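FYI, side chains are in, hydrogens and waters are out, and symmetry mates aren't considered; it's all heavy atoms of this structure. Atoms within each ligand, like the ligands themselves, are counted from 1 in listed order. Predicted, not measured: the structure shown is a model, and the values here were computed from it.
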Amino acid sequence: MPAPAVMMPDSEPVHERIIEWYHSFQRDLPWRREDCSPWGVFVSEVMLQQTPVARVLPRWEEWLHRWPTPADCAAAPTAEILTVWDRLGYPRRALRLQQAAQAMVTEHGGEVPATSDQLRALPGVGEYTAAAVACFAYQQPEVVVDTNVRRVLVRVFTGAPTAGKTYTAAQRRLAHDVFPDPELDDGGLACTWNIAAMELGSLVCTAKSPACDRCPVREMCTWVASGSPAPSQDERPRGQPWHGTDRQVRGAIMAALREAAATQRPVDEHTLLEALPLPHASTEQRRRCLESLLADGLAERQGQSIALPGIF
Ligand code: SF4
């Protein structure tokens, strides 16, 4: 007998249940508090792009303590910016964050701009970050879709086990189709929906092991109603490799340069590359990674010496 067709749920009860759950179970994160400045929200969104909350928290606190406004960050020495970024990974984000702060000073009177179009024009700001800052800092009812939201949406409304690597046109249509009416509650409902769906994806509807037994929309979820089909081999979430990668070698070089920057010293190139605590990394890989950091503007060379930007 063919399996009965599974109906896609109405979006309104899904909003209600997930928002109600959010009000009870949301994490108390400093960038979500009412007294957090738009700059604090902006910094959090840049840091959280590729780094988990637990690692972002201490760096965010330090960043906001040192540079409580865009003007403070814009004027800071770049070596200090990269040092405070520490091991958050993908350090080009730190450079872009400072460049965005400088653009806020020169083009927006030292304020974080309020519309997603203005935000999108800042260095390093893409569609997601622009929408998230407009929504979470200025309560603009923008559709905010990160990986967590995509996963919740496809499971609840389409029954797919995973959302895949890219934000597809079909997912974009779905996100807009099920988005709450932006007029309701002056856009407040839409903004709360964004953060609530994101939180559900982070805490309950996770990539590898969704906790459906404690999910507020279990009875409405199309994936569950379809018998919770397993993802195909290709769709299975995989952790990003780290050991032996160029990212690991770049990280080790940056760590050595940060250490030297604490005493405002450059380091000898040969000594720097030889001393990396990575026995598996070949000389060719070490050199390649250093050249890529120089090309990215994350390090500078003078003769045989290397340093973080601004040390020479
Ligand atoms: S029931 Fe399970 S799969 Fe569906 S939204 Fe909740 S946690 Fe995700």
- When V56, V53, L48, I195 are each screened for side-chain contact (heavy atoms from CB on, under 4.5 Å) with L29, the one that passes is V53
- Query: For R250, which residues count as a salt bridge (charged side-chain N to carboxylate O under 4.0 Å, His left out) partner, sequence neighbours excluded?
  - Reply: D296
- Task: With 2.8 Å as the limit, jot down which protein N, O or S atoms are around atom 6 (Fe) of ligand 1.
- Result: C215 SG
- May I ask you to test the Y128-V144 pair for a side-chain heavy-atom distance under 4.5 Å? yes
- Query: Is a salt bridge present between R32 and E199, judged by a nitrogen-to-oxygen distance below 4.0 Å?
  - Reply: yes
- Would you indicate whether the side-chain heavy atoms of W67 and I81 approach each other to under 4.5 Å? yes
- Query: Is the shortest side-chain N to carboxylate O distance from E291 to R287 below 4.0 Å?
  - Reply: no
